Protein chains: 2
Amino acid sequence: MSTTPPAIADSKQPATSPSRRELNKAATRQAISDAALQLLRSKGPGNFTVEDIAEAAAISRRTFFNYFSSTEAALASVTHGFLDNALAQFRLRPADEPILESARAALVQLADPMTVAPMAELYSLAQSNPQLNRSELEAWDHCTAQIIEAARERFARTSGGELDELYLRALAGSVISCGKAAMDVWFAQHGADLSAKSLSKLRQLLIDAMGLLGSGFTPTANLSTDRH
Amino acid sequence: MSTTPPAIADSKQPATSPSRRELNKAATRQAISDAALQLLRSKGPGNFTVEDIAEAAAISRRTFFNYFSSTEAALASVTHGFLDNALAQFRLRPADEPILESARAALVQLADPMTVAPMAELYSLAQSNPQLNRSELEAWDHCTAQIIEAARERFARTSGGELDELYLRALAGSVISCGKAAMDVWFAQHGADLSAKSLSKLRQLLIDAMGLLGSGFTPTANLSTDRH
DNA sequence: CCAAGAACTTGCACAGAGTGTAAAAATGCA
DNA sequence: TGCATTTTTACACTCTGTGCAAGTTCTTGG
């Protein structure tokens with residue numbers, strides 16, 4: 001790693017940030033994450049050490065810890081990427097749209113092969129491992145916190161002030177729980193199948209989950225459309 | 001610890017299980033948990049080791065690990081106790097009652113001083129610490145899984161077969177999220193205040209959260225009763 | 001272009017977590 | 001009481017996570 005990248009004639013410098021330093025850091029970070037995932041694939045959870053990851057990423061053990069606080073954290077960057085994506089979609093929605101509708105739209109955006117693939121793989125590999133599952137939980141929780149922030153801003157922008165903390169937190173938590181439930185069901189039924197058919201099923205599950213939430217889980221009228 | 005308990009004339013042996021061995025184990029487990037909590041109080045999160053806990057509980061370091069897999073796990077037994085309690089309440093509800101109503105009833109049962117006190121203390125002490133928060137999350141997740149089981153059994157008993165996995169998981173996850181949201185708001189507003197007034201507020205928050213869930217988070221009609 | 005300084009990497013050392021193993025102590029049972 | 005079973009304990013060992021100081025690489029201003 002970082003043995004003087006071959007100084008490509010850097011013709012354009014897109015406005016501000018991507019300095020050499022930042023590019024290197026991003027690359028290293030990615031290399032670590034990739035190496036960790038590769039080892040997870042080849043050796044299985046719990047059967048490799050930080051030293052192994054460092055070696056595979058061609059950095060020192062110490063540098064690994066400059067980037068991630070643990071093996072799990074390195075792997076969880078996949079999940080974080082996935083959820084950050086969801087959050088970004090959510091923030092793009094118009095501020096006057098109902099939260100649930102925004103959530104539905106944001107989640108449906110995720111059901112595309114490129115986005116879901118890494119998540120699906122990590123999910124299946126992590127299944128058996130308690131440690132990994134804990135960091136997955138943490139990632140979802142982190143996302144919940146960010147949704148709360150996003151929704152808070154949105155409310156502040158539209159309705160002046162005085163919003164109900166309970167409403168905010170309960171809603172954000174439920175949205176995430178339902179999103180997670182949909183993915184759990186999908187994983188359970190389809191494993192790592194990323195075919196168009198399977199992905200459309202995922203989309204439908206996400207929509208249905210938001211529908212359940214929006215209708216207060218009325219036990220009658222067993223929700224919407226084409227459950228095979 | 002375990003230096004031959006003073007052989008109290010064990011007049012009654014309640015039916016089956018509580019043998020001397022099991023009693024000792026339960027006592028040791030409790031002693032460890034207590035010692036850990038005590039250290040958390042006196043030194044703050046992250047400022048004591050497993051060895052410290054073991055010493056305080058008068059056992060060896062190795063024995064600690066026979067009971068708990070980490071410091072956090074020892075502390076999380078508080079939360080597990082709290083949530084197991086909730087689950088037990090849930091299971092006591094009649095099988096034909098709507099799930100949300102059962103959840104509401106079960107959660108309200110928890111808003112009593114003896115039950116909430118340890119949870120509230122742990123919550124405030126754990127606030128700052130990432131490690132502790134992770135095991136808290138894990139505890140809530142574990143509870144979600146058990147609620148799913150409980151609800152599954154209930155459905156199986158009443159409605160024959162064929163129930164919707166998505167419905168089950170989304171509902172259970174949302175119920176837990178809302179319960180957690182209510183507790184979060186309560187903690188944020190009342191800290192460790194266990195007065196009757198504060199507890200009645202907690203009850204109301206729990207009821208309101210279930211109400212929100214049952215009404216599909218309709219943004220209009222800002223829910224029910226006496227907010228502060 | 002280059003020197004000074006900022007940012008990053010690395011090796012080293014060290015405290016602590018977790019686990020296998022085998023011997024010792026406690027407990028259960030006949 | 002004596003033997004079988006379970007639990008505790010000491011010990012050794014690997015791995016994690018972090019502080020520190022010396023070495024590298026990048027940035028920036030002259």
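Note that this is a predicted model, so its numbers are computed, not measured.
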Pairs touching residues 134-143 of chain B that satisfy side-chain hydrogen bond (donor to acceptor under 3.5 Å, both in side chains), sequence neighbours left out: B/T79-B/E136
Short side-chain N/O contact to C/dT27 OP1/OP2 from B/N24, under 4.0 Å: yes
Under 4.0 angstrom between A/S19 side-chain N/O and D/dT27 OP1 or OP2: yes
How close or far is atom [atom2] of [N] from atom [atom1] of [X], stated in whole angstroms?
| X | N | atom1 | atom2 | result |
| --- | --- | --- | --- | --- |
| A/N47 | C/dG18 | CG | P | 18 Å |
| B/F64 | D/dT7 | CZ | P | 18 Å |
| B/E55 | D/dT8 | CD | P | 18 Å |
| B/I59 | D/dT6 | CD1 | P | 21 Å |
| A/D52 | D/dT14 | CG | P | 14 Å |
| A/F68 | C/dT9 | CZ | C1' | 16 Å |
| A/I32 | C/dT9 | CD1 | C1' | 11 Å |
| A/F65 | D/dC15 | CZ | P | 12 Å |

B/Q146, CD atom: more than 12 neighbouring heavy atoms under 6.0 Å: yes
Under a 3.5 Å threshold, yes or no: a donor from one side chain and an acceptor from the other, between [X] and [Y]?
| X | Y | result |
| --- | --- | --- |
| A/R62 | A/N66 | yes |
| A/Q38 | A/D34 | no |
| A/D208 | B/Y167 | no |

Plane angle bin for A/W186 and A/H190 - parallel if under 30°, tilted between 30 and 60°, otherwise perpendicular: parallel
Residues B/E165, B/R152: salt bridge by 4.0 Å N-O rule: yes
hbond_proxy B/R62 side chain to C/dG20 base (donor-acceptor, 3.5 Å cutoff): yes
Taking only nitrogen or oxygen atoms into account, show me every contact under 3.5 Å that the protein makes with nucleotides 5-8 of chain C, one pair per line with its distance.
residue: C/dA6; atom: N3; partner: A/R21; partner atom: NH2; Å: 3.4
residue: C/dA7; atom: O4'; partner: A/R21; partner atom: NH1; Å: 3.3
residue: C/dA7; atom: N3; partner: A/R21; partner atom: NH2; Å: 3.2
residue: C/dC8; atom: OP1; partner: A/K25; partner atom: NZ; Å: 3.3

Candidates C/dT10, D/dT8, D/dT16 - which lies nearest the side chain of B/T63: D/dT8
